[in-house]
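Written below as structure tokens is the structure these notes are about.
Just so it is clear: chains get the letters A, B, ... in the order the sequence lines come, proteins before strands, and each one is counted from 1.
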Amino acid sequence: MTEGDIREEILDILESIAPDEDLTQIDDGVNFRDQLELDSMDFLDIVMELRKRHRIQIPEDDYVQLASMKSTVTFLEPLMKDIERV
Amino acid sequence: MPKDFLKHAKDEYDVVVIGSGLGGLTAANMLARSGYRVLLLEQHYKLGGMATWFKRPGGHIFDISLHGFPYGMLKSCRRYWTQEIADSIVQLKNIRFDNPMFSLTTTFNRHDFTKLLTDKFNVAAEAVEGFFDKARKMDFQDDQQLTTRQLFDEFFPGREDVIRLLMEPITYANGSTLEDPAISYGIVFSNFMSKGVFTFQGGTDRLIQLMEAEINRSGVDVGIRCDVKKINCDGGRVRSVEVGGRKIKTRAVVSNANLKHTILNLVGEEYFDRQFVEEARAVRLNNSSTQVYMALKPDERIEESTGDLLFSSTAPTFRTESLLSRDITSRTYSFYYPRTRPAGRPRSLIVSSTNANYADWASLSEREYEASKQDLIETTLDALDKYVPNVRARIDHIEASTPRTFEHYTQHVAGASFGTKFEGLQVSFDIPKQIEGLYHAGSVGIIMSGWLGAMNYGRMVASDVDNLLAAAPAHATTKAVT
């Protein structure tokens, strides 16, 4: 997956987690929490979804890497670059 | 021969969940949805734990803990349960307070509370905003030295009336006190303040029926009247559970039973580090409760203006000791109108709740106990007359529960109706570090208490279990997780 693919995948997961939020206006450099109504359970669900879809294990200490779209994509790129896009 | 409630249970599972409170139910459902073989065992004949109800002649259905929970339940139900369950969550709009300091009605959200605090209580707007912002930013990893009383004193020094307004409903919701860590208050209070207080339309019975149908769809095997006697561990790992004369093998156990009961009785202290056992022993249980259940005659109605939840007190100020005292001065009334169960027979019911100490009830002789229960009923009727005029003449059925009742039905140590104090959270978190495959998802640390806390904790633990099982080499007999 390219960084663009990973971004699309994260958006798809966010769509299922926060169906009421407008995701078209997301600013990649700004923390999700400052632009979406996400709580710690939402972040846990993102981690679970990544595990379920791609078998990616994210240790709890690395959850902070999922703060913004930019940091999430940067963090996931080495873990997901060999995964085929579906 | 007695019915075999484990007739359909297999000899081996990926996960055995002990206890079907909302935490246990949610963990079981999430894990079964992930493809694991899950067995859910409940000692009682009904699922739901403290999310429960009972029926009495005359078409009356009493809910124990239905009123109310924060808006977050809607999101959690949609994601961890079904859209149908989420769609039945409705707001309780009339939250009332009546005590010697003030009487008011509120929707119990940040907007309305800000207005009340500035207009009616004459608190500076900056203090109100500062308080709300600080409470909202609180996280359970933060400093726990600050107590709730200190938090209030920082923003509202000398304002016992403001403290009462802010504290009384949370004490009702989870048993927390002014002496508990401020973070446990801040997290729960902010959850409520985001949108107000909510309930489940159709009643607890409908919620649990829908959840039962959903866990069946997800493929959870369920055993009721299945009292687990032992969790067997060996070589630092969970191996099996003993129930109904059978030994059922499992890769993981999620205990939704009382924290201390899980560690000290179900597993046994010899399987844990000595220091961990000491920490577990030192965990303080939260208090228990008394409740008085009153059903009005079928044609009697309660005025809607009476409110949905009423925090009443005759005590001059808010004090933790007086809340727990046998000499009851504070009662929280939940008023259940026919709209609680739109599809059922129209009935009007009232449940009066008061926090209580187990020790005050445990040692009573049978005669003293019955007399104390009767006294609880009579004094509650006297107090309620102010809000429901002539209530004695309009009542069809009345009965009371005490800490002993809670102990009997839930098997919670000391009848604890709100789990443990804050330190229980860390002990609960640390269990898997002691024994591989053993998890606890119950009411702990105040913040994991209540319907929302319990459900979310069940989901968090399901994630941890999934992490372990997905990483560990699967047994030959384990079906692939897809």
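- There is no contact between Met30(B) and chain A, counting heavy-atom distances below 4.5 Å.
- Annotation: maximal heavy-atom pairing with chain B below 4.5 Å, among Asp42(A), Val47(A), Asp20(A), occurs at Asp42(A).
- Comment: Arg7(A) does not engage Glu77(A) in a salt bridge, judged by the lack of any side-chain N to carboxylate O separation of less than 4.0 angstrom.
- Remark: Asp133(B) engages Arg110(B) in a salt bridge, criterion side-chain N to carboxylate O under 4.0 Å.
- A salt bridge does not link Lys70(A) with Asp28(A): every distance from a Lys NZ or Arg NE/NH1/NH2 to an Asp or Glu carboxylate oxygen is 4.0 Å or more.
- The contact between Asp45(A) and chain B is made by backbone and side chain atoms together, counting heavy-atom distances below 4.5 Å.
- Partner of Val17(B) under the side-chain contact (heavy atoms from CB on, under 4.5 Å) criterion, out of Val465(B), Val254(B), Asn29(B): Val254(B) alone.
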